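These numbers come from the heavy atoms of this one structure, side chains and all, not from hydrogens, waters or symmetry mates. All chains are named by letter (A, B, ...) in the order of the sequence lines, taking the proteins before the strands, and each is independently numbered beginning at 1. If you're wondering where the values come from, they're calculated on a predicted model, not measured in any experiment.
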Number of protein chains: 2
Amino acid sequence: MKDVASAAGVALKTVSRVVNGEPGVHPATAERVRTAIDRLGYSRNESARVLRRGRTATIGLVIEDVADPFYSGLSRAVEEVVIDHGCLLLSGSSGEQPGRERELVETFCARRVDGLIVVPAGEDHTYLRSELEAGTPVVFADRPPGAGLDVDTVLADNVSGAGQAVRHLLGHGHGRIAFLGDDPAIFTAAQRLQGYRAALGGLYDERLVAMRPPSLEAVRADLARMLTLDDPPTAVFAGNGRYTVTVLRALAGRRLALVGFDDFELADLLQPGVTVVAQDPSWMGRVAARRG
Amino acid sequence: MKDVASAAGVALKTVSRVVNGEPGVHPATAERVRTAIDRLGYSRNESARVLRRGRTATIGLVIEDVADPFYSGLSRAVEEVVIDHGCLLLSGSSGEQPGRERELVETFCARRVDGLIVVPAGEDHTYLRSELEAGTPVVFADRPPGAGLDVDTVLADNVSGAGQAVRHLLGHGHGRIAFLGDDPAIFTAAQRLQGYRAALGGLYDERLVAMRPPSLEAVRADLARMLTLDDPPTAVFAGNGRYTVTVLRALAGRRLALVGFDDFELADLLQPGVTVVAQDPSWMGRVAARRG
DNA sequence: GAGGGGTCCGACAACGTTGTCAACCGGTTA
DNA sequence: TAACCGGTTGACAACGTTGTCGGACCCCTC
């Protein structure tokens, strides 16, 4: 601020040097500048700084929904790493809408974020190509980008995780295991179905699979339908954290064994709530940091 | 970008007009500019725009911890409102550390956020005074600011909420009700203690109160101590969402009645998990929006 | 006293955008 | 013909900061 400069009787550049802690300023001068700063309540305008220097010290994070425990955990981990690098976090929830995802990404890019972490909602990410060519580091998390894009991606091993869950149930004598999961258009849901199917092998029965967005009514109906089969399921494998909770609620008393993908609070306090922890969110954060 | 201007054979200002959808540009010219923009993959530099216009279209949110369901719910609601206003959200977790809170707030201010929503961790917010005088709209949420500051604040009625919880237990015949809550230095914890105490009246017994940061070991020890009293508690009132979960875990089998402040996922699926929902986070978001 | 080296400081341009103002052009009116 | 008008367009300055460069000054040495 030029007011500070004139108040301290120095040039703009000297003030700049002081606020940035650059060397080559006489201690007495620096002190004079500092008191002027305090007196006037000056604080550096980061926008101008960004404009001049080119780095925004900002990372953009696009997730599904901050309110989902899985993503809020991820957010926190990312935030931690980002702050450690002296940056700030711009975040937004796509709500599983590809359009919203794209809007967020483009807005973040227009603000010239120094890096982007995206949990994609859509399939087509060609709109990112120009951004990538411009050199913006982008990392995908939890789900891979659409075809034709070469981007670092952090994934959990959904297939083998689902396999473990199924084998756990098989080992406890369950031969009829239902799979309730999210829309198979979602990468993780499809992967987990695949793991479930592979682990079941010949035991696989299409009638025990229901995949769609989680709503209590739908899950209730699916379960009710399955339970009227001649050979009803004795166990359920739920495709993600939110699904596990929904299934629990839909079961309401009926005592089926339940295994869920993703951990969730209090899982250990419920009947047989085996959980498979999918990701270590801080691991994802670390990968993002790889590109300070 | 001046490249676009020269590519389209027009002046900078005309490009500016087109990207901003300002009137007074011949359709043919606008079209030429647009194709140049597409061809060059231009996107407006928001930093420069911010510098020139003074508005950042950014809101800062400082909370306790995004990973806490209460705050992640609040975040989501705030985000919703902020996006509706065409703004973006910068958020950070203070981790209940006043220093961190202050750092975050000051960083946000240096970036000239158009508004600030703060769940305070500290007691002293005089450092905000100059910012307030500069005209930045600030809203406190969940907890009030330190003394001597005149700021809009969104609070739940913690006292009467706690009173309701206690009366609920009294109504079910519990005369010995323990209160386990967070450090009384935290506003909400103190308020809830006050409500608990008032509702109990003569039944209040200091030995049934334990307040400190929630850790499983500490809560276990507190509970164990209380249960060895001649007249042990038959019910527990937990001071916040995280505490409720911790108490549940610490109880591990012992069947005390439990009421918690704040709702939490699956509360309805546990034994006697009465809950008092404190805030409607979207309400807070709305208040923040009051100052687009 | 002249030259050399170091320390401290300031003038100036540039970052990319937008607000202001004036210029231009075709057509209409006095 | 001159004055005027609405619709388009462009030149220029400004936003607040930092990088570059060069100037002023002091101390030391020959």
Side-chain angles (χ1 to χ4, degrees), chain A residues 1-34 36-37 40-58 86 88 106-114 131 134-136, chain B residues 1-34 36-37 40-58 86 88 106-114 131 134-136:
Chain A
M1 215 155 198
K2 63 184 63 166
D3 296 342
V4 174
S6 60
V10 299
L12 245 61
K13 182 62 208 186
T14 302
V15 179
S16 170
R17 276 193 261 261
V18 171
V19 294
N20 290 337
E22 287 174 28
V25 177
H26 193 86
T29 315
E31 193 44 41
R32 226 169 55 235
V33 171
R34 259 189 291 272
I37 287 178
L40 299 180
Y42 161 80
S43 107
R44 181 171 60 197
N45 183 324
E46 291 291 333
S47 310
R49 176 170 225 245
V50 160
L51 177 59
R52 186 62 235 250
R53 313 210 11 184
R55 280 193 70 243
T56 54
T58 306
L88 245 37
E106 286 178 342
T107 315
F108 288 166
C109 288
R111 300 208 175 200
R112 301 291 187 268
V113 290
D114 291 338
E131 211 40 60
T136 312
Chain B
M1 212 147 186
K2 63 184 61 164
D3 296 343
V4 173
S6 60
V10 298
L12 245 61
K13 181 62 206 184
T14 302
V15 179
S16 169
R17 275 193 262 261
V18 172
V19 295
N20 290 338
E22 287 175 28
V25 177
H26 194 86
T29 315
E31 193 45 39
R32 225 168 57 235
V33 171
R34 258 189 292 273
I37 286 178
L40 299 180
Y42 161 79
S43 108
R44 180 170 61 197
N45 183 323
E46 290 290 334
S47 310
R49 176 168 225 245
V50 160
L51 176 58
R52 185 65 235 252
R53 315 212 7 187
R55 280 193 70 242
T56 54
T58 306
L88 245 38
E106 286 178 341
T107 315
F108 288 166
C109 288
R111 300 209 175 199
R112 301 291 188 268
V113 290
D114 291 339
E131 212 38 62
T136 313

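- The end-to-end axis angle of the helix from C:dG1-D:dC30 to C:dA30-D:dT1, rounded to 10 degrees and based on five pairs per end, is 70°.
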Side chains of residues 1-18 of chain B: which donor-acceptor pairs under 3.5 Å do they make with residues two or more places apart or in other chains?
| from | atom 1 | to | atom 2 | distance (Å) |
| --- | --- | --- | --- | --- |
| B:Ser6 | OG | B:Lys2 | O | 3.4 |
| B:Ser6 | OG | B:Asp3 | O | 3.0 |

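- The stretch residues 16-33 of chain A touches DNA chain D through A:Ser16, A:Asn20, A:Glu22, each having a heavy atom under 4.0 angstrom from the strand.
- With a heavy-atom cut-off of 4.0 Å to chain A, the contacted part of DNA chain C has its first and last nucleotide at C:dC8 to C:dG16.
- Applying the side-chain hydrogen bond (donor to acceptor under 3.5 Å, both in side chains) criterion to B:Thr29, with sequence neighbours excluded, gives no partner residue.
- Residues meeting the salt bridge (charged side-chain N to carboxylate O under 4.0 Å, His left out) test with B:Arg34, sequence neighbours left out: B:Glu31.
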Donor-acceptor contacts, no H, no angles, side chain residues 45-52 of chain A, under 3.5 Å, sequence neighbours left out:
| from | atom 1 | to | atom 2 | distance (Å) |
| --- | --- | --- | --- | --- |
| A:Asn45 | OD1 | A:Ser47 | N | 2.8 |
| A:Asn45 | OD1 | A:Ser47 | OG | 3.4 |
| A:Asn45 | OD1 | A:Ala48 | N | 3.2 |
| A:Glu46 | OE2 | A:Arg44 | NE | 3.3 |
| A:Glu46 | OE2 | A:Arg44 | NH2 | 3.4 |
| A:Arg49 | NH2 | A:Asn20 | OD1 | 3.4 |

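- Residues that satisfy the salt bridge (charged side-chain N to carboxylate O under 4.0 Å, His left out) test with B:Glu22, not counting sequence neighbours, are absent from this structure.
- A search for side-chain hydrogen bond (donor to acceptor under 3.5 Å, both in side chains) contacts involving B:Arg32 returns nothing, not counting sequence neighbours.
- Counting heavy atoms from C-beta outward, A:Arg111 and A:Thr58 have side chains that stay 4.5 Å or more apart.
- Among the protein residues, B:Val50 comes within range of no part of the nucleic acid, since none of its heavy atoms lies under 4.0 Å from any strand.
- Heavy-atom distances to DNA chain D give each of B:Arg53 and B:Val10 a nearest nucleotide, and the one nearer the 5′ end belongs to B:Val10.
- The side chain to side chain contact (heavy atoms under 4.5 Å, CB included) search around B:Ser43 returns A:Ala110, A:Arg112, not counting sequence neighbours.
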